[in-house]
Amino acid sequence: MFKKIIKVVFKMFWYLVLGSAAVIILARAVTGLVAWNKTYGESDVPARRVAIVFGAGLTAAERQLPF
C-alpha cells in the first residue's frame with residue numbers, strides 16, 4: 001500500500017514538472033514568434049538618441065494612457 005502511494009505521488013510530481021516545463025517553453029516560443037519581427041539587430045538600430053522608459057504607459061499610437 002505504501003509503495004502504491006509513493007508511486008502515485010511520484011507520478012503526480014513528474015506530471016507537475018513536465019507540465020511546468022511545457023508551459024514555460026510554450027510561453028517562450030510564443031513570445032519569441034510574436035516579437036521576432038519587432039526587434040532591432042545591432043546593425044539595424046536607428047542612429048539617433050532614444051530613451052527607454054519602462055512603465056511609461058504609451059499606446060501604440062504614442063499617446064499617454066489616462067491614469
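Transitive grouping of hydrophobic side chains (ILVMFWY, heavy atoms separated by less than 4.5 Å) brings V34 and L26 into a common cluster.
Between W14 and F10, the ring planes are parallel. Angles under 30° get that label, and only those over 60° would be called perpendicular.
In this structure, the separation between CG on L33 and CZ on R28 is 9.5 Å, given to the nearest 0.5 Å.
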